[in-house]
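Every heavy atom of this structure was used, including side-chain atoms; hydrogens, water molecules and symmetry mates were not. Letters A, B, ... mirror the listed sequences (proteins, then strands); counts begin at 1.
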Amino acid sequence: MRPVAGRSPVAGRYAKRSTVQTRGERPGCLPGVRPHMSVVTRFAPSPTGMLHLGGARTALFNWLYARHHGGSFRLRLEDTDRKRSTPEAIAAIIDGLTWLGLDWDGEIVRQSEQRQRHADVAHDLLATGGAYRCYCTPEELEAMRAEARAAGRAALYDGRWRDRDPAEAPPGIDPVIRFRAPQEGETLISDLVQRDIKIDNTALDDMVLLRADGTPTYMLSVVVDDHDMGITHAIRGDDHLTNAFRQTQLFRALGWEPPAYAHIPLIHGPSGAKLSKRHGAVAVGAYAELGILPAAMRNALLRLGWSHGDDEIIDTGQAIAWFDLDAVNRGAARFDMEKLQSLNGHYIRESADAALLADVEQRLAATYSLAAKDEGRRCIMALLPEAKARAKTLVELADNLAFLVCDRPLQMTSKAARLLGDEGSEARRRLGRLQAALQDIAAWSEADLEAAVRGFAEDEGVGLGAIAQPLRAALTGAHASPGIFAVMAALGREETLARLADAGGQGRSDR
RNA sequence: GACCCCUUCGUCUAGAGGUUAGGACACCACUCUUUCAAGGUGGAGACACGGGUUCAAUUCCCGUAGGGGUCACCA
């Protein structure tokens, strides 16, 4: 992982870029209006935890936007807070994105590796008066905030070192470097999603650029990195909206042009509040375990806050073709697991059998602790087309196929046991006769089996259901399963007859 | 508290100054059927409230209420 953001090579490109800006006069218009500028988006998570739905959706939108415009999508780890950033979190983010199929361009940029450049920028600003040293103690700041709050104002730094003579600096205190933010007028953002929003500059204070220990803060780092990486569009969660004003001011102070911003609404948890560790945030990896297909996840995430008329099932190719920021909503949405599952069922049905096989085998092997033998694999493949139509998740799919690889005698569910009845029941005796009837069937094919069983039912003078249900119980241990003839064909002659014997012959092991 | 944002069926959403307010998930019924799904058909279900503007407002404007976000030497 080597950062690409250097200090110099991109400067020239930038000078060119800033002359093209027309954004701001046309709030509703799309970034595509700026010709000849290749789109560069980025997903910039802080590696302090898992990748949850909100982050995943932000990544998706950035990825889609870049792919739609033929630009590039970068991944940047905002690890300036090295105490909180962990290798596990980095791995979780990478795994999550990989699982989702969101591939990034170029190398991953680790913000911490850019700290010297960030510090240099801060010092340049200091030299030109765009920033100043502040010697406040944490206690002093805390008191300041408490007072502001008590007075019913926003808790802002009051700028007490802004114009103070550094000669008055108290001894023994390492100063922070603060941005000298404009105090008059207002700052406008022409957000691609939220439209024009302006804020009075008095609502913003002089933020810290460099901490007392000389390390850069996030606010400085994003600005420098977005600039250095040539980010044209910053698509991120709504919770960054107020940061955009500060960042815009910093960009301007540095003589740079900020990227186009697009603040997308947050995804809310069941409680209606922002997703967080305490509020319904689940790592995307958890959905993989639940048997969700990445394609379904992408589709579900896409429809949260974005729409294309009445279209619901939108595969990734279609999403790339259709996605743009103008159709992004401004209100937060809640995530609906039921809808995800429904979508997932669709994508499972659309999947090729071979693509599902490995996953099913793995799940079966984990749950039933049986090695997938060739015979087992043959059975599974044979029934996959049937089983696929009945599963909303890969977990269900595996569960629905588990009977194929279970050892005899089968464990019966209570409903299955009821279908079979007690020892010597009519249903069981009939299964015994069926076993005999099937004994010398010539070709063990689904069609022949169906003909044979139907014929048998006729001979017995009962409807097919009266045979099929107990038969299903005997063969699968359950009252519901894929089509019974397909089950028999998949199981094979030997295993089918053996299970029939278990149920019809001696009548054992049912519960 | 200050600043900012949001508000159409339970949920995700479409929509437009005049519509029977559309779709999807979930729900109910019917259908198909060897079961369960899937599929098909049908049903119930929404414009937060109050003022304006207008011939007409759910759509535009202003308030109210409710919800959310942000106010760190976190990101």
Side-chain donor-acceptor pairs under 3.5 Å in residues 43-53 of chain A, sequence neighbours left out?
unit_1: S46(A); atom_1: OG; unit_2: T48(A); atom_2: OG1; d: 3.4
unit_1: H52(A); atom_1: ND1; unit_2: G54(A); atom_2: N; d: 3.0

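- Taking a pair to require two hydrogen-bonding distances under 3.5 Å in either a Watson-Crick or a G-U wobble arrangement, rU35(B) remains unpaired.
- Both tests do not hold together for R349(A) against Y347(A): distance to the six-membered ring centre under 6.0 Å, angle to the ring axis within 45°.
- In this structure, CG of L343(A) is placed 18 Å from P of rG23(B), rounded to the nearest angstrom.
- Straight-line distance between the C1' atoms of rA46(B) and rC25(B): roughly 16 Å, to the nearest whole Å.
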**Prompt:** Which parts of nucleotides 65-75 of chain B does protein reach within less than 4.0 Å, heavy atoms only, written one letter per nucleotide 5' to 3' as B for base, S for sugar-phosphate only and - for none?
**Reply:** ---SSSSSBBB
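- With a cut-off of 3.5 Å on both Watson-Crick or G-U wobble distances, the partner of rA26(B) is given as none.
- In this structure, CG of L301(A) is placed 15 Å from C1' of rU13(B), rounded to the nearest angstrom.
- The nucleotide rC60(B) finds its pairing partner in rG52(B), both defining distances of the Watson-Crick or G-U wobble pair being shorter than 3.5 Å.
- Regarding I264(A), its CD1 atom lies at a distance of 15 Å from the C1' atom of rC6(B), rounded to whole Å.
- To the nearest whole angstrom, the two C1' atoms, one in rG68(B) and one in rA44(B), are 31 Å apart.
- Sorted by first and then second residue, the salt bridge (Lys or Arg N to Asp or Glu O under 4.0 Å) pairs with a member in residues 389-400 of chain A read E386(A)-R390(A); sequence neighbours excluded.
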**Request:** Mark up nucleotides 24-38 of chain B, 5' to 3', with B wherever a protein heavy atom is under 4.0 angstrom from a base atom, S wherever such an atom reaches only the sugar-phosphate, and - elsewhere.
**Result:** BBS-------BBBBS
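- Here, rG18(B) and rC60(B) have their C1' atoms 15 Å apart, quoted to the whole Å.
- Using a 30° and 60° split on the angle between ring planes, W322(A) and H308(A) fall in the parallel class, below 30°.
- The nearest whole Å value for the distance from the CG atom in L302(A) to the C1' atom in rU13(B) is 12 Å.
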**Prompt:** Step by step, would you call Y135(A) with W161(A) a ring pair (Phe, Tyr, Trp, His ring centres under 6.0 Å)?
**Reply:** CA-CA 7 Å; Y135(A) 293 85; W161(A) 281 93; 5.0 Å; yes
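- Within the 4.5 Å cutoff, no side-chain heavy atoms of I484(A) are placed close to those of E450(A).
- Rounding to whole angstrom units, OH of residue Y157(A) and C1' of rC3(B) are separated by 21 Å.
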**Item:** Residues D315(A), Q318(A); criterion side-chain contact (heavy atoms from CB on, under 4.5 Å); working and verdict
**Value:** CA-CA 5 Å; D315(A) 67 35; Q318(A) 192 59 259; 3.4 Å; yes
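- Remark: P of rC6(B) and NE2 of H263(A) are 14 Å apart, rounded to the nearest angstrom.
- With a cut-off of 3.5 Å on both Watson-Crick or G-U wobble distances, the partner of rU7(B) is given as rA65(B).
- Note on residues 145-155 of chain A: no pairs pass side-chain hydrogen bond (donor to acceptor under 3.5 Å, both in side chains), not counting sequence neighbours.
- Across all strands shown, rG1(B) is found opposite rC71(B) as a Watson-Crick or G-U wobble partner, with both distances under 3.5 Å.
- Computed from coordinates, the I189(A) CD1 to rC5(B) C1' distance equals 12 Å when rounded to whole Å.
- In this structure, Y261(A) places its OH atom 16 Å from C1' of rC4(B), rounding to the nearest Å.
- Each of R162(A), R246(A), R178(A) was evaluated against D205(A); a single residue qualifies, R246(A), per the side-chain hydrogen bond (donor to acceptor under 3.5 Å, both in side chains) test.
- Taking atom P on both nucleotides, rG10(B) is separated from rC49(B) by 13 Å, rounded to a whole Å.
- rG67(B) sits 15 Å from rU8(B) when the P atoms are compared, rounded to a whole Å.
- For residues 455-466 of chain A, every residue pair satisfying the side-chain hydrogen bond (donor to acceptor under 3.5 Å, both in side chains) rule, not counting sequence neighbours, is listed here: R433(A)-E460(A).
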